[in-house]
Undergrad: 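Below is one structure. I have some questions about it.
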Amino acid sequence: MSVRARRRLRLPANHRSPAAARAVVREVLAEVGLTDLMDEALLLTTELATNGVIHAGTDIDVDVAADDSGVTVTVTDYASGPIEPTTLTPPDEMAEHGRGLLLVDQFASSWGTSHDSTGKGVWFRLDNRESSTVATKASLRDESIPVNGSVADDDVEATARAAERVSWLIHIGDELRQRLTMSQLVSEMLLRLCEVVGASGGTVWLDTGDGQGEMRLARYGTDSPHAPVIVPLPVNRPHSGRIELHPDAPAPRHWNSLAALSADRIALVIETDRVTSTDRRRRGWLHFLAEAGELLAQSLDVDLTMALIPQIMVPRLGQWCAIHVVNEWDELELSALSHADEGTLPRLKQRIGDYPVSERLEEARAVGGPVPLPKPVEGVLLPLIARGGVLGALSIGRPGDRPHSPDDLTVLQDAARRAALAIDNARIHSDRQQIAQAFQNALLPSALPKAHGLGFAAEYVPASTGTDVGGDFYDVVELSKGRYSASIGDVCGKGAQAAALTGLVRDILRVMARDERPVGRTLELLNHTLLEQPDEGRYATVATARVDQRDDGRVDVELFLSGHEKPLLLRADGRCEYVGREGTAVGLLPSLAINPATVTLDPGDALVFYTDGVTERRNGSQLFGHSNICRSLRPMAGFPAGAIAARLRSAVAQYSSEDPRDDMAVLVIANENAVDGPVAAN
């Protein structure tokens, strides 16, 4: 497409050259009606001209060519050497110089470089996004209406140019506004102000009220010996700021009005960025607190929770974090410590040990919030309070080289409350777990009787190692020399109520056995006792055995199965059979069916009792079942009771990788007298 307008000029290496280059670009774009590209074209021209003046230090040539579809601008300097590759790296927002080729690469439709014997250049191309709009504007320009009246044409044109420049001063396109950072946008607005009023330079100062003092938000051009024009920025507290304009001669009065107009626009940009940044930061804090709460809620182990808290806090909320907890002697002791630099942990631990944590904790409780920590640790201390009790103190160092901001302290207080609650929950869980384990152990015998030629062995695997107590039990009581009472059972349900019922069943069986009561009568009394309990639907399956050693080395076992699984009789030759006669579970019906059966154990034989946690062990949809019991124990024929019980437990555990869903109890009674002759293999 043919070029419709073109300008070429050479500019000296001084601070006025970028403004002159922009004026040429503005003139060409206005001539061809491509004003939609004005913001981007002036911005990129400024960057290339500024880079040429500052980095090359030579005269620069500016070539502007426009057609119906866009504009191409080339800026050439006369310094030798390559274009610096670092110009595409992210810029320093506070830098006084241009932003290199980063914006060119971001905004231009295409761009490139040119080299010859005299110098090097950079060009960019901006394509028009609305060619139809261009044609319309061109036709309107060609058919412009002449100005009638007594007003001179020169005055009208001057007024139009002034209006156009003021419009360019205060109006920045939405696309350009969205693609520039706050600092870049303020720099662009300062640049436009300096060009419109003709200032040699200008600076925008901003104080955010964080104690760091004023910072230079944007700068353009150079200072001058004349008095600057200073206009305050109408920003909200704690922010404050001002614009300084440096004139080449005493500034006229209209500078203040234009500077105030720009100050309003710049203040709006700063306030918008502050609101956006604050909202983004607070949403980030909410996300952080939600994640921290979720992580802490997943841990019910006290030591793990203590170690996790500093890892969550560092380095987001501070460079280091320490947890002190109140021990059983009401003294504070260091429980966890973390630092962003692990090499400094020994020195930090020594420093923390030197400052009075107890005094700071009392001060924090008195003020109801964080208190500062003095040097050399530098940070804040917050009390760890949960359910009205003081658990300890959370100390956290300052984040980097700045003190904690008010937002930081608010988040820290919330995080400290969550941490304290997590510690307290972990402690409560640990206490309940210890109680449950003690309760569970109290339901099982501490040891089984030992007898010559007769072996007793048991295995117990609870479905939960947490705060639940299982309902399975086993027991063996020696009645007299050579006479024993053995029992195994399973109470319906889990938890404290089931455990209490388990203890009741076990104690009644034990007491009745020691009193030499008949097993049938014992089961009837147990059934009536369970039916009298306030909790309806609580029943138990029980297998009871009276064991008598005979002089000939055999063992007689009288079996009573009250709703319980039949035990497995494992013969010394490997044969398996399930023995006993089924009866009614105790606590279920007023009348109880009692069907005793007698089994004789020859030397090498074993009687294996188990609860339904063994047979109902699942591997997907498959159950362990009775067949696997026999298959697992057949190779153990003739082995001692302990080996048989351990083998069955191992086989059940290896059947599935899932955690057990029900408690498992195994009780083995084995005739361990020597077998006459070898054991037959099956």
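Note that the structure is predicted; figures quoted are calculated from it, not measured. We number each residue from 1, following the sequence as shown.
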Undergrad: So do the side chains of Y220 and L193 get within less than 4.5 Å of each other, counting heavy atoms only?
TA: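 A side-chain contact is absent here, since even the closest heavy-atom pair is not under 4.5 Å.
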Undergrad: Looking just at side-chain N and O atoms, do R398 and H404 make a donor-acceptor pair shorter than 3.5 Å?
TA: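 There is no such pair (donor and acceptor under 3.5 Å, judged by atom type) between the side chains of R398 and H404.
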Undergrad: Any non-hydrogen side-chain atom of V269 less than 4.5 Å from a side-chain atom of M189?
TA: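 Counting from C-beta outward, V269 and M189 do come under 4.5 Å.
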Undergrad: Does the W205 side chain pair with the main chain of M215, one donor and one acceptor, at a distance under 3.5 Å?
TA: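 Checking the backbone N and O of M215 against the side chain of W205, no donor-acceptor pair under 3.5 Å is found.
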Undergrad: Between S257 and R253 (side chain of the first, backbone of the second, donor and acceptor by atom type, cut-off under 3.5 Å), is there such a pair?
TA: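 Not a single qualifying donor-acceptor pair exists.
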Undergrad: Against the six-membered ring of W285, is R316 placed for a cation-pi contact (under 6.0 Å from the centre, within 45° of the normal)?
TA: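 So R316 does make the cation-pi contact.
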Undergrad: Using distance alone, with no hydrogens and no angle criterion, decide if R125 and S110 have a side-chain donor and acceptor under 3.5 Å apart.
TA: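 The criterion, which ignores hydrogens and geometry beyond distance, is not satisfied for S110 and R125.
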Undergrad: So, N425 side chain and L421 main chain: donor-acceptor pair closer than 3.5 Å or not?
TA: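 A pair under 3.5 Å: yes.
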Undergrad: Is it true that R192 and E195 have a side-chain N and a carboxylate O under 4.0 angstrom from each other?
TA: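 Looking at E195 together with R192, the answer is no, because their closest N to O distance does not fall below 4.0 Å.
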Undergrad: Can you tell me if T46 and R22 form a side-chain donor-acceptor pair at under 3.5 Å?
TA: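 Looking only at side-chain atoms, R22 and T46 do form a donor-acceptor pair, the distance falling under 3.5 Å.
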Undergrad: Just wondering, do V377 and S395 contact through their side chains at under 4.5 Å, heavy atoms?
TA: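 Side chain of S395 against side chain of V377, heavy atoms only: no contact under 4.5 Å found.
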Undergrad: Looking at every non-hydrogen atom in both residues, tell me the closest pair between L381 and L373 and how far apart they are.
TA: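 Closest pair (atom of L381, atom of L373, distance): CB-CD2, 3.8 Å.
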Undergrad: Do L190 and V204 come close enough that some side-chain heavy atom pair is under 4.5 Å?
TA: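 Contact flag for L190/V204 side chains = yes.
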Undergrad: Are the side chains of F124 and T74 in contact, using a 4.5 Å heavy-atom criterion?
TA: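 Heavy-atom side-chain distance check fails, nothing below 4.5 Å.
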Undergrad: Is the shortest side-chain N to carboxylate O distance from E244 to R242 below 4.0 Å?
TA: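 Looking at E244 and R242, the cut-off is met.
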Undergrad: Counting N and O atoms only, with roles assigned by atom type, does the side chain of R360 sit under 3.5 Å from a partner on the main chain of V371, one being a donor and the other an acceptor?
TA: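 Not at all, since once roles are kept as given, no pair shorter than 3.5 Å links the two residues.
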Undergrad: Are the side chains of E47 and T50 in touch, meaning some heavy atoms are under 4.5 Å apart?
TA: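 Counting from C-beta outward, E47 and T50 never come under 4.5 Å.
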Undergrad: Taking the side chain as everything from C-beta on, heavy atoms only, tell me whether I323 gets closer than 4.5 Å to L384.
TA: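 Yes - at least one pair of side-chain heavy atoms lies under 4.5 Å apart.
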Undergrad: Any carboxylate oxygen within less than 4.0 angstrom of a Lys/Arg side-chain nitrogen, looking at D61 and R8?
TA: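 Salt bridge: no.
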Undergrad: For a 4.5 angstrom cut-off between non-hydrogen side-chain atoms, does D273 reach L185?
TA: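 Side chain of D273 against side chain of L185, heavy atoms only: no contact under 4.5 Å found.
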Undergrad: Taking atom types as modelled and ignoring hydrogens, do the side chains of H246 and S200 form a donor-acceptor contact shorter than 3.5 angstrom?
TA: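 No.
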Undergrad: Is R6 salt-bridged to E31, cutoff N-O under 4.0 Å?
TA: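 Looking at R6 and E31, the cut-off is not met.
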Undergrad: Verify whether one side chain among D407 and S405 offers a donor that lies under 3.5 Å from an acceptor in the other.
TA: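 No, no side-chain donor-acceptor pair sits under 3.5 Å.
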Undergrad: To the nearest 0.5 Å, tell me how far L361 CG sits from I385 CD1.
TA: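 The distance works out to 8.0 Å.
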